[in-house]
Amino acid sequence: VLYHVTTSADRVLSEGLLSRREVAVEHHTGLGGGDDETISFTDDPKVARGISCSSRVQKTSPTRST
């Protein structure tokens with residue numbers, strides 16, 4: 001089993017998985033790092049859960065100004 005975490009589930013379901021280059025060219029977005037010709041996966045459900053939780057926290061956390 002392989003896991004992939006995304007913040008664009010609807011887009012992945014409609015368009016399929018895209019490489020980092022394809023995402024950047026078509027949508028000017030992308031998370032993480034790595035080679036432009038790759039798609040990130042993990043075989044560890046704990047790692048996938050951690051990435052998912054982290055992306056939700058960052059997406060929903062209010063910005064604080066000091």
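By convention here, the first residue in the shown sequence is residue 1.
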L17 side chain reached by F41 side chain, heavy atoms, under 4.5 Å: yes
Nearest heavy-atom neighbours spanning L2 and D43: CD2-CB, 4.0 Å
Flag, side chain of S54 to backbone of G50, donor-acceptor distance under 3.5 Å: yes
CD1 on I51 to OG1 on T7, rounded to 0.5 Å: 12.5 Å
Test item: H4 side-chain N/O and S40 main-chain N/O as donor-acceptor pair under 3.5 Å: yes
Donor-acceptor pair, side chain of E22 and main chain of S19, under 3.5 angstrom: yes
Separation of R49 CZ from T42 OG1 (nearest 0.5 Å): 11.0 Å
Test log, rule side chain to side chain contact (heavy atoms under 4.5 Å, CB included), inputs Y3 and V5: CA-CA 7 Å; Y3 301 90; V5 178; 5.7 Å; no
